[in-house]
Enquirer: 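One structure coming up, written as structure tokens, with questions to follow.
Letters go in sequence order (proteins before strands), and every chain restarts at 1.
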Protein chains: 2
Amino acid sequence: MSNTQLLDTLLALSTVLAADEERELERRGLTRARVHLLWVIHHQGPRTQAEIATALQVTPRNVTTLVDALEATGFAQRTPHPQDRRAVRVTLTERGRDVMARMDAEHEEFGAALTEGLDPATAEATVIGLQHVLARLTALVAEHAAASEAGRAGPLENTP
Amino acid sequence: MSNTQLLDTLLALSTVLAADEERELERRGLTRARVHLLWVIHHQGPRTQAEIATALQVTPRNVTTLVDALEATGFAQRTPHPQDRRAVRVTLTERGRDVMARMDAEHEEFGAALTEGLDPATAEATVIGLQHVLARLTALVAEHAAASEAGRAGPLENTP
DNA sequence: TATTGTTATACTCTATAACTATA
DNA sequence: TATAGTTATAGAGTATAACAATA
């Protein structure tokens, strides 16, 4: 087995998964960032924009834009926060709940379809192997991040 | 094994891989789209912008912007096409070649590091399982794409 | 007439900084 | 004084449409 055979396969899988996801989202009038936001609310319940910003690891300003778009397209809505008058709570509309329920169901189907025709022993070993790889990867990434804390480049200089 | 355990692990891996890649690129003053372009030239030789657009599955207009940026940051350059005076050929500068060579080397290292500590039998089975999944996935995506050819939504309507 | 690349315009995601209204 | 969310501005990737130069 070559050094990078596993990594290459993973990268190919990522690419195909991402492309498929993108197409599915577009079909529904959604984008990846917006679905991520809906997903947080769907699985954690109504949240303030500040909480959403933390969950998405994104600036509060960004959440404003995303919620604007989701409100305009009818997937989510702002409601006043019962205790704190500064804050708004973002909730799903019925349309939002529907689409998330459908996506959950598709996720299940898709997961099952992926391993169809694969013998159970190999499937099991694949999961074990992947979990090992995920652990290794997480460790490596932490190392990288620590190492690059010191010497980092400035912002990109281009398109003057 | 749950229906989605493998898919969930794959998605987690994709996320971590993407985040790591993004950080590495930023450190070098590059972006994913620009590296993709450099990669095409590095592995296929100098190409015209039209050829690059096809390879990246992106519009020619987009390639103009990317090449502008890569020229401004010194990774690539436009040279006249020897036969066709309409076309330009995009080639790597020394800086571009250097950075791509270094990325290739890191890719190798990274691939080896991922499976460190994993017993060879499981590693082998993981690759076999993944290749099966990739084949299934490609088939599913083709089905999806065909199915959604008919009923597709219009462009997103929001942020008026 | 068809192709190559560009200018013009627009949409989406993202970020920082400054500001308002509330705690 | 600190926090929640907004306006203002900017950079990056992407798209379509119209246009120049060249095949």
Enquirer: Would you kindly give the CD-to-C1' distance between B/E26 and C/dT14, to the nearest whole Å?
Expert: 12 Å

Enquirer: With a 4.0 Å cutoff (strictly under), does any side-chain N or O of B/T65 reach OP1 or OP2 of D/dG13?
Expert: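 Looking at the OP1 and OP2 atoms of D/dG13, neither is under 4.0 Å from any side-chain N or O of B/T65.
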
Enquirer: By nearest heavy atom, map A/D84 and A/V58 onto DNA chain C; which one lands nearer the 5' end?
Expert: A/V58

Enquirer: B/N62 has an atom CG; how far is it from atom P of C/dT7, in whole Å?
Expert: 14 Å

Enquirer: I'd like to know if the side chain of A/T4 and the backbone of B/G111 have a donor-acceptor N/O pair within less than 3.5 Å.
Expert: no

Enquirer: Answer yes when A/R78 and A/D68 have at least one side-chain N-carboxylate O distance shorter than 4.0 Å, and no when they do not.
Expert: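 Counted as a salt bridge, because a side-chain N and a carboxylate O are separated by less than 4.0 Å.
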
Enquirer: Heavy atoms only, 4.0 Å cut-off, all strands: where does A/V63 land among base, sugar-phosphate and nothing?
Expert: nothing

Enquirer: Ring-plane angle category for B/W39 and B/H36, please: parallel below 30°, perpendicular beyond 60°, tilted otherwise.
Expert: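 B/W39 vs B/H36 ring planes: perpendicular.
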
Enquirer: Quick check: any donor-acceptor pair below 3.5 Å linking the side-chain of B/R61 to the base of C/dT7?
Expert: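 Indeed, a donor on one side and an acceptor on the other fall under 3.5 Å apart.
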
Enquirer: Below the 4.0 Å mark, does C/dC19 have OP1 or OP2 next to a side-chain nitrogen or oxygen of A/R86?
Expert: no

Enquirer: Any base atoms under 4.0 Å from B/R89, or only sugar-phosphate, or nothing? Heavy atoms, all strands.
Expert: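 Nothing, no nucleic acid heavy atom in range.
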
Enquirer: Quiz question: by atom type and distance under 3.5 Å, do the side chains of A/D104 and A/H42 form a donor-acceptor pair?
Expert: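 A/D104 vs A/H42: donor-acceptor pair found between side chains.
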
Enquirer: How many Å lie between CG on A/L25 and P on C/dC11, as a whole number?
Expert: 20 Å

Enquirer: So does B/T31 get a side-chain nitrogen or oxygen closer than 4.0 Å to the phosphate oxygens (OP1/OP2) of D/dG13?
Expert: yes

Enquirer: Taking atom types as they are modelled, is there a donor-acceptor pair under 3.5 Å from the base of D/dT22 to the side chain of B/R85?
Expert: no

